[in-house]
There are 2 protein chains.
Amino acid sequence: MVDRRGDGDEGVTTTSKPPAESPVDVRERARAIPEAAVARLAVYLRVLSGMAEQGVTTISSEELAGAAGVNSAKLRKDLSYIGSYGTRGVGYDVEVLVSHIERILGLTRKHSVAVVGIGNLGHALANYGGFPSRGFPVAALFDIDPDLTGVPVGGIPVDHIDDITTVCAEREVSIGVIATPPQAAQAVCDRLVSAGVQCILNFAPVVLQVPDYVEVRKVDLAVEMQILSFHVARRADEAAGDVVNGVGVDGVVIRP
Amino acid sequence: MVDRRGDGDEGVTTTSKPPAESPVDVRERARAIPEAAVARLAVYLRVLSGMAEQGVTTISSEELAGAAGVNSAKLRKDLSYIGSYGTRGVGYDVEVLVSHIERILGLTRKHSVAVVGIGNLGHALANYGGFPSRGFPVAALFDIDPDLTGVPVGGIPVDHIDDITTVCAEREVSIGVIATPPQAAQAVCDRLVSAGVQCILNFAPVVLQVPDYVEVRKVDLAVEMQILSFHVARRADEAAGDVVNGVGVDGVVIRP
DNA sequence: CCGACTTTGTGCACACGTTCACAAGCGGTA
DNA sequence: TACCGCTTGTGAACGTGTGCACAAAGTCGG
């Protein structure tokens, strides 16, 4: 039932395609792509889309790397994970690259999204234009507050959280977004999981416990802030402690 | 532990390799906590704070690791970067650990935050309770829309973006949050930087170009979604692959 | 004071990710 | 066709991060 539709075939490129990659190879390749590279591929894709809109048809690794904020060797290696679709001496065809990255990222298929927790953040997410335009239609909204049920937010009526199982099944939700207060997050997560959702994006500042087969990514604003804070502090220490021999600013003995 | 051993008895170790590092490098290294560890320390801190509130005074690496969703060896190694504050046979004193992590993360100082772009997301951020409670008071809001100027959001009046330099200096903003549309992000970023802000949290789906001394972290919802999408696709491929092993790729299922 | 038991801190080996550097391949030119 | 300059793709070196496994260091009961 896993419809491996994707592009009807690989022959979009010129006739040159010696080893005639089989779908199995593509699959093996996808499995072997490092996590870090996947994140960057998504960035390349966005940059490339922008390029395409501006009418750019060809781009070199150097240019693309610059626009994506990485070094060009890394970029080429990342792209090599998905196949060799460049032309030596010339660069990459923007459209070809776009379609291959989309295929690898599984964007040939639409992924319906459900947002749980329609507070400030939930509202923002429901109205966020970046989702639908990139193949992630928001198909359902849930909240525990009965007063919200039926109220449309961003064009979609809110459902009560108790209906999560049936609604998710009905609308084929494949990604759940948790935007609830921390206390509710684990319970919501459990309900999503039992509703068959296997991918979760968690905005609540909690560590979710899930079965192995469920993929969770978290966005934790406080943690991001604290990482920035750490760098501020480190920088201050460096400035202040430059000359201090053996002792850091905070009293940590650095040298024996 | 901050390297204070001078004991004899290395046992069976091979001949030591000479890294030939200058003392300065050693000191820099000692100070440098791996980026990945810093992110986790922030998580430990949150978990520990919760524990403390519930009256827990002591915790073992195993328990804390479980609550933080990491393995215990990693947790201990992470904690060892900031010093050895545990008691063998017992565990860690929660409050002691909290205070040390806070010190390392630079949370003993308040870091004022400015949010630029008061749209849906900006509203959500301005109202987000998680910031002030964790030592990140929102001290300023900016937008380009003159109609918003003076309007209070989350208790703070919005300033016009043209006043960003003076206001940021006045209120000692150390962290800037960009929640504008992508087209505006780079310009806003430039203004923040020239206003002296050295740490930026970017929600706009753009790769920001900044000087070396500025620290940028990005939160890109579309990228997160696409990473999840990749995993969905990979999983689907794997499921198909189980069948494909020894069978054609046309989706015909042949059960052995 | 001792021995049994618990838990930390860390050396070591391994896996993952990044960067370098260069051969291979392509388009353009004479 | 033969050459030249340019850019890709990748093997190999390197650096960073992870996990295991165990000695060291503590508590506790007797």
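The structure displayed is predicted, hence computed values, not measured ones. Below, chain A is the first sequence line, B the second, and so on; all start at residue 1.
- Summarising the geometry, the separation between CZ on A:Arg88 and C1' on C:dG25 is reported as 5 Å, rounded to the nearest angstrom.
- To the nearest angstrom, C1' of D:dT10 lies 13 Å from CG of A:Asp78.
- Between B:Glu35 atom CD and D:dG17 atom C1' there is a gap of 13 Å when expressed in whole angstrom units.
- Residues in residues 84-98 of chain A take part in no salt bridge (Lys or Arg N to Asp or Glu O under 4.0 Å) pair, two or more places apart or across chains.
- A heavy-atom distance below 4.0 Å to DNA chain C is reached by these residues of residues 40-75 of chain A, ordered by number: A:Arg40, A:Asn71, A:Ala73, A:Lys74.
- The shortest side-chain heavy-atom distance between B:Val193 and B:Ile200 falls under the 4.5 Å cut-off.
- Along DNA chain C, the nucleotide nearest B:Gly89 and the nucleotide nearest B:Lys77 are compared for position; the residue whose nucleotide lies closer to the 5' end is B:Gly89.
- Residues that satisfy the ring pair (Phe, Tyr, Trp, His ring centres under 6.0 Å) test with A:Tyr44, not counting sequence neighbours, are absent from this structure.
- For A:Ser229, the side-chain contact (heavy atoms from CB on, under 4.5 Å) partners two or more places apart in sequence, or in a different chain, are B:Leu107, B:His111, B:Phe136.
- With sequence neighbours excluded, the residues forming a side-chain hydrogen bond (donor to acceptor under 3.5 Å, both in side chains) with A:Arg191 are A:Asp162, listed by chain and number.
- By the ring pair (Phe, Tyr, Trp, His ring centres under 6.0 Å) test, A:Tyr92 pairs with no residue at all, sequence neighbours left out.
- B:Tyr92 has no side-chain polar atom (N or O) that falls below the 4.0 Å cut-off from OP1 or OP2 of C:dT6.
- The distance between atom CG of A:Leu79 and atom P of D:dG9, rounded to the nearest whole Å, is 7 Å.
- Taking atom CZ of residue A:Arg76 and atom C1' of nucleotide C:dA21, one finds them 10 Å apart after rounding to whole Å.
- Considering only side-chain atoms of B:Pro34, the nucleotide from C:dC26, D:dG17, C:dC12 that sits closest is D:dG17.
- If you measure from atom CG of A:Asp93 to atom P of C:dG27, you get 13 Å, rounded to the nearest angstrom.
- The interatomic distance linking B:Leu97 (CG) with C:dT8 (P) rounds to 11 Å, in whole Å.
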